[in-house]
Amino acid sequence: MLSRPPHAATVVGSGPNGLAAALVLARAGVKVTVVEAADTAGGGLRSSTDTHGVRHDHCATTFPLAQASPFFGEFGQALAGHGLELATAPVDAVHVLDTTRSATLHTSVVDTAAGLPGTDGRIWQAFFGPLGDPADRAAKVTDEFLRPILHVPRHPLLFAGFGVQAGLPASWSWGRFRSPEARALLAGIMAHAFTPLNLPGSSAAGTLLTVAGHAHGWPVAVGGSQSMADAMLAELAALGGSVVTGMQVTDVSQVSGADVLLLDTSVEDAARILGDRVPDRVARSWRRFHRGPAVAKVDYTIEDGIPWSSPDARRAATVHLSGTADQVAAAEKDCWQGRLPRRPFTLVGQPWLADPGRTVVYDNRQLNPVWAYAHVPAGWTGTAQDTFDLVTAQIEDAAPGFRDHVVDWSASDPARVEATGRNNIGGDISGGANDLVQLLARPRLLRPYDTGVPGVFLCSSSTAPGGGVHFMCGMNAADRCCPGAGAGR
Ligand SMILES: Cc1cc2nc3c(=O)[nH]c(=O)nc-3n(C[C@H](O)[C@H](O)[C@H](O)COP(=O)(O)OP(=O)(O)OC[C@H]3O[C@@H](n4cnc5c(N)ncnc54)[C@H](O)[C@@H]3O)c2cc1C
């Protein structure tokens, strides 16, 4: 922490956290320069258009946490002014167990509960039912949990209640339900943690995603995720900030001159950039910090939608695949232990169902972008064809005939996922494993954003509160180096 507010800051990396840090500082009157290795700014928010004119999101495509984030509370209106629009599909998410069974997550708790068999609807409602306004509750939950774990809670009762729930193994959370549908729905959401689902703390990510989803849905950015980055960049320019692309930082000497330096980089890159300037106590924690399983991703251009057996899946922005809760748990355990599951947990994004503008008419054909990835072990060395076969087989199981709809595809094995985004080491898209230790100490328990080098801070998803587009690693780090900049957090 600096004794006086900085005049000038350099942010290395233009992902959602780097840009959030840049915006918070620029709004506080700091002169900000963002330096980015890639040719396009945006990090995990980048999109591009294929030869058919179909727009694909390279990384993030659905934003369950964005609107519930305190950052969005402060900058959402400005970003909307720069054209950012978030839109939801008629159905937020569906978990397909097999060709005859599925379960549906709606924004409304009541609608979700109504779709669950037997008494499970009542249990869902008791579990996630709004205590008052769902948006207000989600805002309080994210205000407490999208920050370092060691803090004085503003909402102590909610912090304690949610904290106990978040600390449970995910399998205990879905164990409350009787039907395979409700159990699988929750297991699929909790699998976003990329950890074995019987570990303490494995409920945390999924509970947060569900609470936020019941307030704001699971939206996509209209026009593709790049429009979120573009709105952030436009606001940064309006606040006097600037961006340099195509400059990879390998040594701190390349970016000297500002009072503060924020690194939206991996812990591994931060260690290289700062070298032996990092004190031993920090370097030791960083060396202990470890990565989680990876993803293998396919971007499809398809014709006429996906022929899901589940009618709700035909209306959902996000579809989860891989069977029952026990099957999802077994697949996640396999990945964690370095084995490729026979049926890996697979997510499918259908952004055109929320944003009809993503459908393109080409050669008299209606083309749509399908975004899909499977969880695979860290560093899995399958080829692009292996990746395509793996992910396509999962979709085909739940949507017989899918292959006939595929017009074009591009696959990213874990190595290519890393090549697409420098921070995705080994194909890990969470910035580091989400086991209990790293949920609490990310990448260190005390002062997670400090590097130990005066004036240099880490602000990527390798810091608290971790992966996903919620902007809060960036906002919290900016607040750490310029106290009060994060507006009273
Ligand atoms: C395939 C995939 C799918 C995902 N899906 C979702 C989703 O649907 N919803 C969701 O919420 N999240 C999703 N995520 C996760 C989300 O994208 C990340 O959590 C988020 O982007 C992290 O933001 P960040 O700013 O910390 O890092 P990043 O977005 O990775 O940005 C870091 C930036 O810093 C740059 N950089 C790094 N090191 C250097 C250096 N040394 N010099 C210069 N520049 C550097 C990188 O090039 C990059 O542009 C997904 C990620 C991937 C990869």
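Counting starts at 1 for both ligands and their atoms, following the listed order. Just so you know, these numbers come straight off a predicted model, no measurement behind them.
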Tell me whether Asp57 is salt-bridged to Arg358, with the criterion being a basic N under 4.0 Å from an acidic carboxylate O. yes
For [X], enumerate each residue passing the salt bridge (charged side-chain N to carboxylate O under 4.0 Å, His left out) test, keeping only those at least two apart in sequence or located in another chain.
| X | value |
| --- | --- |
| Arg315 | Asp312 |
| Arg339 | Asp334 |
| Arg416 | none |

Any luck finding a side-chain donor-acceptor pair between Tyr300 and Thr392 under 3.5 Å?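 Yes, Thr392 and Tyr300 have a side-chain donor paired with an acceptor closer than 3.5 Å.
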For the backbone of His58 and the side chain of Lys297, can you confirm whether one donor and one acceptor N or O come within less than 3.5 Å of each other? yes
Could you please provide the protein residues found below 4.0 Å of ligand 1 on a heavy-atom basis, arranged by chain and number?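 Around ligand 1, where the cutoff is 4.0 Å for heavy atoms, the contacting residues are Val12, Gly13, Ser14, Gly15, Pro16, Asn17, Gly18, Glu36, Ala37, Gly43, Gly44, His58, Cys59, Ala60, Thr61, Thr62, Met247, Gln248, Val249, Asp264, Thr265, Asp269, Ile273, Lys297, Trp371, Tyr373, Arg422, Asn423, Asn424, Ile429, Ser460, Ser461, Gly467, Gly468, Val469.
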